[in-house]
Amino acid sequence: MATAQPSNTDFPCSITISLPLPTNRLASSALRALEVDAELSPFVRRDFALKAPNPENQSSTDEEKTVLETTYKATTNRMLRVAVNGFMESLGVVLGVMEELDVDVLEEENKQQ
């Protein structure tokens, strides 16, 4: 069954949020934790991708992909704002858990002190 893909005119408001993380493992863990919650509104679309910090490097390995990129598209600026606010709350929880429980994050913090 084929479904029509929404055009950019259906979702004219958009924002891309790029979050650099220390390792690919943390970036992919954050992606997996955040993508389980589907967008509830049919007026909002969200896509995740893992990218390398240097976008010119087309041949980057998975280990170099440490930036979690989240793209939101919405029908109105208000819908976009509401969706991004909810995402930021969820992101705060995920990063807080990583900070408290992840061994790599704790090791990195101890090196900086």
Side-chain angles (χ1 to χ4, degrees):
M1 175 179 212
T3 58
Q5 293 294 323
S7 68
N8 283 343
T9 57
D10 294 335
F11 294 87
C13 305
S14 66
I15 188 170
T16 299
I17 302 164
S18 297
L19 176 69
L21 291 158
T23 66
N24 173 268
R25 186 178 66 78
L26 290 173
S28 59
S29 293
L31 184 149
R32 287 191 313 272
L34 291 165
E35 73 182 351
V36 297
D37 292 327
E39 282 301 318
L40 299 177
S41 173
F43 304 111
V44 177
R45 299 284 186 263
R46 176 184 68 194
D47 293 306
F48 291 107
L50 292 180
K51 303 223 172 164
N54 184 358
E56 292 84 32
N57 185 3
Q58 296 295 328
S59 62
S60 60
T61 66
D62 283 346
E63 286 302 311
E64 294 173 317
K65 295 179 180 178
T66 59
V67 177
L68 173 62
E69 187 175 277
T70 308
T71 301
Y72 272 91
K73 294 181 181 180
T75 56
T76 66
N77 281 328
R78 181 181 185 282
M79 293 303 297
L80 183 63
R81 178 180 51 81
V82 169
V84 170
N85 281 345
F87 170 74
M88 289 298 187
E89 287 180 23
S90 296
L91 182 60
V93 170
V94 169
L95 294 176
V97 168
M98 285 181 173
E99 183 179 24
E100 292 294 320
L101 301 177
D102 194 86
V103 175
D104 288 351
V105 172
L106 293 176
E107 287 175 2
E108 186 69 29
E109 186 175 293
N110 289 335
K111 286 179 187 176
Q112 293 176 359
Q113 291 179 354

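Heavy atoms only: backbone and side chains are in, while hydrogens, waters and symmetry mates are out.
Among all heavy-atom pairs drawn from Met88 and Ile17, the shortest one is CE-CD1, 3.8 Å. Annotation for Cys13 and Asn77: closest pair SG-OD1, 3.3 Å, computed over non-hydrogen atoms. Here the closest heavy-atom approach between residue Leu21 and residue Ala30 is recorded as CD1-CB, 4.2 Å. Met79 and Ser41 get closest at one heavy-atom pair: CE-OG, 3.1 Å. Closest approach of Ala27 and Lys65 over heavy atoms only: CB-O, 4.1 Å.
Connection of Ile15 to Leu31 is established within a shared hydrophobic cluster, with ILVMFWY side chains joined at heavy-atom distances below 4.5 Å, either directly or through further cluster members. Both Phe48 and Leu95 sit in one connected hydrophobic cluster of ILVMFWY residues. Membership requires side-chain heavy atoms under 4.5 Å apart, directly or through other members.
Put simply, CD on Glu39 and CZ on Phe87 are 9.5 Å apart, with the number rounded to the nearest 0.5 Å. Between atom CG of residue Leu34 and atom CZ of residue Arg46 there is a gap of 7.0 Å, rounded to the nearest 0.5 Å. In this structure, CZ on Arg25 lies 15.0 Å from CG on Asp62, to the nearest 0.5 angstrom. Separation of atoms CG (Leu26) and CD (Glu99) is listed at 11.5 Å; rounding is to 0.5 Å. To the nearest 0.5 Å, atoms CD (Glu69) and OG (Ser18) are separated by 4.5 Å.
Evaluated for a side chain to side chain contact (heavy atoms under 4.5 Å, CB included) with Tyr72, the options Thr16, Leu80, Asp47 yield exactly one hit, Leu80.
Put simply, the side chain of Thr70 does not reach to within 4.5 Å of the side chain of Leu19, judged on heavy atoms.
A donor-acceptor distance shorter than 3.5 angstrom exists from the side chain of Glu64 to the backbone of Thr61, with no hydrogens or angles considered.
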